[in-house]
Amino acid sequence: MHLATRPEDDAADDGIQHEDLEPDPFETARHGVGAGAAAVVSAALGVVALTGAWSGRVAAERETLIGQIKTSGGGSAAQQISEIYGDAWHTTALVNGVFAVLALLVGVVVLVRPAFGTPADRPQPAWVRAVALAGVALGVLGVLISAGMYFDLFASLPSAGTPAGG
């Protein structure tokens, strides 16, 4: 009768210990992939926050349409400017601000992640930290620009002049 050997018995028979084996190159290559991907996402979100997103444009056009509907029965020029132009401007700033905050949060998480959880045997790759830091910087810049747009710090809404000859 033949008895099957256990894997532990095979390793003990050949004299090779687990510690003597070379590290798996694929395991080494996978180190930091998740953090690297998150860092790239952070930087991309920061760029979107600064350049604008399709979703922001759609939301702004929706606000413009709502403003046109609200003022179709009449209204003062100031009300029309506020409803048609101002609300769309503020919506664009708000959507860009959301992208900026997301970029900032993802970048900060990537940067502080090594301080939490199980300690890694190697430090985070330098390129991951650099890209995450770029995402944080773009996020901060995006938040500042979006806040300035939302609160009309850079340019105020146009004002309606008095009608000529009125």
Side-chain angles (χ1 to χ4, degrees), residues 2-67 82 85-157:
H2 183 269
L3 295 174
T5 60
R6 295 186 315 224
E8 303 88 34
D9 295 340
D10 290 341
D13 290 342
D14 61 10
I16 299 175
Q17 298 297 323
H18 180 67
E19 296 84 29
D20 295 336
L21 298 175
E22 291 183 26
D24 182 13
F26 294 110
E27 186 65 34
T28 304
R30 282 193 293 254
H31 175 72
V33 169
V40 170
V41 166
S42 173
L45 286 169
V47 169
V48 169
L50 293 178
T51 60
W54 171 82
S55 56
R57 184 69 195 141
V58 169
E61 288 177 4
R62 181 179 186 278
E63 286 298 320
T64 299
L65 180 61
I66 290 171
S82 175
Y85 176 73
D87 289 351
W89 177 261
H90 294 145
T91 300
T92 300
L94 193 61
V95 171
N96 290 349
V98 168
F99 278 100
V101 168
L102 287 174
L104 184 62
L105 290 175
V106 172
V108 166
V109 166
V110 170
L111 290 173
V112 301
R113 172 63 181 101
F116 300 100
T118 58
D121 55 345
R122 294 183 322 203
Q124 200 174 44
W127 73 268
V128 171
R129 290 190 309 271
V131 174
L133 190 58
V136 169
L138 290 170
V140 167
L141 188 59
V143 165
L144 293 175
I145 291 173
S146 296
M149 283 177 62
Y150 189 82
F151 294 112
D152 299 326
L153 300 177
F154 304 127
S156 61
L157 286 176

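Position 1 is the first residue of the sequence; numbering continues from there.
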Residue pairs, two or more places apart or on separate chains, that pass side chain to side chain donor-acceptor pair (under 3.5 Å) and touch residues 40-62: Arg57-Glu61
Tyr85 to Leu157 - nearest heavy-atom pair and separation: CD2-CD2, 3.4 Å
Approximate separation, where rounding is to 0.5 Å, of Leu50 CG and Phe99 CZ: 12.0 Å
Within-4.5 Å side-chain heavy-atom neighbours: Arg129 and Val110: no
Reported OG-to-CZ distance for the pair Ser156 and Phe151, which is rounded to 0.5 angstrom: 15.5 Å
Ala59 versus Val95, closest heavy-atom pair with distance: CB-CG2, 4.3 Å
Closest non-hydrogen atom pair between Ala88 and Ala60, with its separation: CB-O, 3.4 Å
Considering all heavy atoms, the nearest Gly46-Ala103 contact: N-CB, 3.3 Å
Gly52 to Asn96 - nearest heavy-atom pair and separation: CA-OD1, 3.5 Å
Distance, nearest 0.5 Å, that separates CG of Leu94 from CE of Met149: 10.0 Å
Pairwise ring pair (Phe, Tyr, Trp, His ring centres under 6.0 Å) hits with a residue in residues 111-131, at least two apart: none
Under 3.5 Å, which donor-acceptor pairs link side chains of residues 133-144 to any protein atom two or more places apart or in another chain?
none

Spacing of CG belonging to Asp87 relative to OG1 belonging to Thr92, to within rounding of 0.5 Å: 10.5 Å
